[in-house]
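In what follows, a single structure is set out as structure tokens and then discussed.
A quick note: this is a predicted structure, and the numbers were derived from the prediction, not measured.
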Amino acid sequence: MKLRTSLMACAITSALLALPLSTMACSTVVIGKTASATGKVIVGHNEDNGGRIFNAQYWVPPATHKAGEMITYEPTAAKIPQVEHTLGFYWSQTLAPGGSSFSDGFVNEAGVVIVSNNCSMVYDKDQKLTDGGIGYGIRRLMAERAHSAREAIDIAIDLLAKYGYNAEGRTYTVADANEAWQIAIHKGNMWVAHRIQDNEVTYIPNNFMMNKVDATDKDNWLVSPGLIEHEIQAGRYKPAKAGVYNDFNFREAVQPRDRRAQEYNFTRNQIAWEYITGKKITDPDQFPYSVTTDRKFTIEDVQNILRSHEAQIGDDDGWYHHLSYGPCRSSTHESVVFDIDKVPELIASYRALARPCETPYIPSYPLAKPSANQSFMDAATATKEHFTAEAYRFDYHPEWASTTFINNTNVIEYQRDEFENNQKLIKSLEKQWAEEKVGIEAQAREALTVSKDKALAILHRYNVAKLAEAQGAIQANMDKIAPHKIVILSDTIDPASSADVKIVLLSDASLDATKIDQTKTFAGVSRASNDKKVVSDLAKPKAFEATDVNGDGKKDMVMTFVQKDLAQFMVPGAVYDTYLYTRNGNDRLTAFDTVKVLKK
């Protein structure tokens, strides 16, 4: 038995083992360079997943490889010959139990940015693959090998021709300082690639969006061999003029309308496109793939799109986002905006290390390497274990960079009245950083004329300093709004056991723990990140007892739970941040302690 205390907060994303469609919620915004207020290509992306997800950032150095070396990613995927030389790259990893093939983001030393969106639920799922096909390898090999966005597309096309894509569908966005491309990939070797025009703005949720494909425009559209003929034969496309394929609607040909019409995609599309165009679209068939615009979109505009959600979300008994279908929702665990400079070292990143509407976008320069506490292990180990990570890799770690921000989002999620004040804090930090960044970038640009290493050292110090400032400001605020503590009176819980486990809410100078609302008290994983089921299935106490546990003269509230109920949705074998959610009158209270979940 132990007596531990912890900050009142929620922490790293909840461990949901079954994922509803609403979790497939990545969003990507691309601004062409003449539509951009910075005069540069801007790419913004929300990464959404369910379950015990940790995001780490690494610098992977360039490497020379031996002849005959083969690359293995997923155990069932094709083995791929390695090239002699690979580029260095910044890697934002999605570390998940069982591995994550389709969520990582990259910026390589040639200045190529890579992100993606799930676009599954296609008509033709039974497509030919070679040796298991390729999945994760597409994004990783583009990062290792591409010197431009266009070359990244060629690399993907070559890999698809050799192996075939082993997932149902996805849209990859690749961009450099000159241009952005998107390649929409259907399972097998079926794809369309498009060069986004300099004056175009596009938004992608989790459905295919390319609708007006002009296969006669070879400079801006590329189409996989035989795709159009296949769709004509299937009866899903009829060209206006026989043999002239300048009106091919890719999204209608390969994916049911229902994917666009379902709320988890429709609402995001509607919110994002209303921000971009000023028009509220109510027909899912009318959502554009892209628009041309005279308006100049800023970094803040892209952040606003990625942070947006319905005006009213959630309900009285839920978390702030748990019924949201906007771009920013319960399953959003990371967000980033890239301003892509012609000098790769000066590509600016604005990264939110948790849900973006509750987290500041911290400025940094990816090629100057992340702060040490953004990496959970060394990059080589992270690569090796990407699909084989043991349960202990998902232990709660207060020292990891993202933890402060995830703790904060989970406090704000349940203590919903704090949302507006949290917004004010975020905006004040971002305003301050925007003013400072101009001078730092000028200093680094000047240093580049003398030494790239010197410039990178300046920018790395900046990366570390801004992260530390953000952590300090968010933690200080969280200490004020979340001062209370709980103690789990056990070192372990058994997900297969019906035995009891006790959790104590400690009284303090501002809280009489014995007065909490027993009818609105429950415990389990960090915030219900995916659907209402998790809210309703969190453990409820079977007994309450008021007694002074820590000997301070104040009666505390001791609550008895069933171990297997408390351990629902948790990864067996991991040390878990385990939460109590309750109310004291009209005030919501959330506190956590850590406990190890035994293996079944």
Side-chain angles (χ1 to χ4, degrees), residues 1-12 14-15 317-319 395-396 398 407 410-411 413-415 478-528 534-570 572 574-598:
M1 186 174 290
K2 58 183 170 42
L3 184 65
R4 296 170 310 198
T5 59
S6 60
L7 292 172
M8 177 179 180
C10 293
I12 300 174
S14 60
D317 293 320
W319 282 252
D395 290 351
Y396 175 76
N407 286 347
N410 290 325
V411 168
E413 276 296 284
Y414 192 68
Q415 297 179 207
M478 195 163 53
D479 290 344
K480 294 177 183 178
I481 67 173
H484 309 297
K485 299 176 176 67
I486 68 165
V487 182
I488 301 173
L489 299 181
S490 177
D491 291 317
T492 62
I493 54 176
D494 185 344
S497 174
S498 297
D500 292 343
V501 60
K502 296 182 185 296
I503 297 178
V504 182
L505 174 62
L506 298 172
S507 292
D508 54 44
S510 63
L511 173 66
D512 182 349
T514 67
K515 299 292 180 64
I516 62 171
D517 187 339
Q518 296 182 13
T519 67
K520 295 181 178 178
T521 297
F522 39 95
V525 294
S526 55
R527 55 99 177 134
V534 182
V535 178
S536 63
D537 282 356
L538 287 172
K540 294 178 175 60
K542 59 188 284 190
F544 293 84
E545 180 185 4
T547 185
D548 184 0
V549 174
N550 58 356
D552 65 353
K554 299 181 178 70
K555 286 189 175 182
D556 310 304
M557 182 58 80
V558 181
M559 291 152 282
T560 302
F561 292 86
V562 175
Q563 292 190 33
K564 66 181 181 181
D565 294 344
L566 195 65
Q568 285 188 100
F569 313 111
M570 295 183 181
V575 174
Y576 248 85
D577 33 328
T578 303
Y579 302 86
L580 179 76
Y581 306 99
T582 189
R583 298 193 193 186
N584 180 30
N586 292 324
D587 295 332
R588 292 169 177 248
L589 306 179
T590 310
F592 82 87
D593 194 8
T594 56
V595 66
K596 182 166 184 175
V597 183
L598 298 176

d(Leu580 CG, Leu538 CG) to nearest 0.5 Å is 10.5 Å
When rounded to the nearest 0.5 Å, the distance separating CG of Asp552 from NZ of Lys555 is 13.0 Å
Compare all side-chain heavy atoms of Arg583 with those of Tyr414 and state whether any distance is below 4.5 angstrom.
-> yes
Scanning both residues in full, the closest heavy-atom pair of Val597 with Met570 reads CG2-SD, 3.6 Å
Taking every heavy atom of Leu598 against every heavy atom of Asp494, the minimum-distance pair comes out as CD1-CB, 4.1 Å
Q. Just wondering, do Asp577 and Asn410 contact through their side chains at under 4.5 Å, heavy atoms?
A. no
Separation between NZ (Lys554) and CG (Asp508), nearest 0.5 Å, reads 7.5 Å
Taking every heavy atom of Lys485 against every heavy atom of Leu505, the minimum-distance pair comes out as O-CD1, 3.6 Å
Open item on the list: Test side-chain contact (heavy atoms from CB on, under 4.5 Å) on Ile503 and Leu566; report intermediate values, then the result.
Closed with: CA-CA 11 Å; Ile503 297 178; Leu566 195 65; 4.1 Å; yes
Between Val525 and Tyr581, the two heavy atoms sitting closest are O-OH, 2.7 Å
In this structure, NE2 of His484 is separated from CG of Leu511 (nearest 0.5 Å) by 5.0 Å
Smallest heavy-atom separation, Ala513 atom then Ser507 atom, equals N-OG, 2.9 Å
Closest non-hydrogen atoms of Ala482 and Gln415, given as atom of the first, atom of the second and distance, are CB-OE1, 4.5 Å
Q) Stepwise, does the side-chain contact (heavy atoms from CB on, under 4.5 Å) test hold for Thr547 with Asp556? A) CA-CA 5 Å; Thr547 185; Asp556 310 304; 5.9 Å; no
Less than 4.5 Å apart, side chain to side chain, heavy atoms only: is that true for Met557 and Thr521? no
**Prompt:** Just by modelled atom types, is the Ile488 backbone N or O under 3.5 Å from a matching donor or acceptor in the Asp593 side chain?
**Reply:** yes
Is it the case that the side chains of Thr582 and Asn584 hold a donor-acceptor pair, with the cut-off being a distance below 3.5 Å and no angle test? no
Taken to the nearest 0.5 Å, the spacing of Ile486 CD1 from Thr578 OG1 works out to 7.5 Å
Using the rule given for side-chain contact (heavy atoms from CB on, under 4.5 Å), can you reason through Thr590 versus Val411, listing the C-alpha separation, both sets of side-chain angles and the distance that settles it, and then say yes or no? CA-CA 7 Å; Thr590 310; Val411 168; 5.6 Å; no
Q: Taking the side chain as every heavy atom from C-beta outward, state whether Val504 and Asn550 have any atom pair closer than 4.5 Å.
A: no
Could you verify whether a donor N or O on one side chain and an acceptor N or O on the other, from Thr560 and Lys502, lie under 3.5 Å apart?
-> yes
task = Please assess Val549 against Val487 for the test side-chain contact (heavy atoms from CB on, under 4.5 Å), listing each intermediate value before the final yes or no.
result = CA-CA 10 Å; Val549 174; Val487 182; over 6 Å; no
Any side-chain heavy-atom pair of Ile516 and Met559 under 4.5 Å:
yes
Applying salt bridge (Lys or Arg N to Asp or Glu O under 4.0 Å) to Asp500 and not counting sequence neighbours gives Lys542
